[in-house]
Amino acid sequence: MTVGKRLIKQAENGKEYLLSVGQHAAIIRRTNDGKLQYLELQAPSDYIIGGWQKFEEHLGVTLRDRFGCTKKAYSGLEKTEVMFDLENCDLNTNEFKSLLGYLNTSVNEQQKGIRGDIK
């Protein structure tokens with residue numbers, strides 16, 4: 001959770017980033033008026049509609065509830081927390097196109113998270 005907060009606080013107004021922390025990765029942005037949002041393409045439940053969702057005022061709430069972050073560090077598990085600016089990325093690679101196969105797939109073909117509930 002601490003790493004996620006540090007990364008998000010670096011987000012600049014008007015820019016989009018890929019954020020991967022905890023058990024989730026998403027495109028995030030800080031709007032021109034300074035509001036933080038994340039793009040929800042596959043929600044963990046039917047009550048969340050896809051599209052841009054706001055981060056709670058306290059970042060830790062969204063990091064915990066949607067990204068699966070905790071305050072405890074897990075020993076023995078390799079975790080990579082990363083955030084990078086999408087403006088500086090080459091999204092026309094085979095690797096990126098392969099990642100797109102994980103998004104908006106039919107229910108029986110979705111990739112599940114470690115607990116089997118996060119897509």
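Within the model, atoms CD of Glu87 and CD of Glu16 stand 9.0 Å from one another, a figure rounded to the nearest 0.5 Å. Note that the CG atom of Leu63 and the OG1 atom of Thr2 stand 9.5 Å from one another [nearest 0.5 Å]. Atom CD1 of Ile28 is separated from atom CG of Leu86 by 9.5 Å, given to the nearest 0.5 angstrom. Taking OG from Ser20 and CE from Met83, the interatomic distance works out to 12.0 Å, rounded to the nearest 0.5 Å.
Across Glu57, Glu56, Lys54, a single residue satisfies side-chain contact (heavy atoms from CB on, under 4.5 Å) together with Thr62, and that is Glu56.
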Under 3.5 Å, which donor-acceptor pairs do the side chains of residues 4-15 form with other protein atoms, sequence neighbours left out?
from: Gln10; atom 1: NE2; to: Arg6; atom 2: O; distance (Å): 3.4
from: Asn13; atom 1: ND2; to: Asn32; atom 2: O; distance (Å): 3.3
from: Lys15; atom 1: NZ; to: Asp85; atom 2: OD2; distance (Å): 2.8

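The side-chain heavy atoms of Gln53 and Arg66, taken from C-beta on, include no pair separated by under 4.5 Å.
Scanning all heavy atoms of the two residues, the minimum distance from Val21 to Cys69 falls at CG2-SG, 3.7 Å.
Taking the six-membered ring where the residue is Trp, Phe55 and Phe67 present parallel rings, their angle staying beneath 30° rather than reaching 60°.
The side-chain contact (heavy atoms from CB on, under 4.5 Å) search around Arg64 returns Met1, Val61, not counting sequence neighbours.
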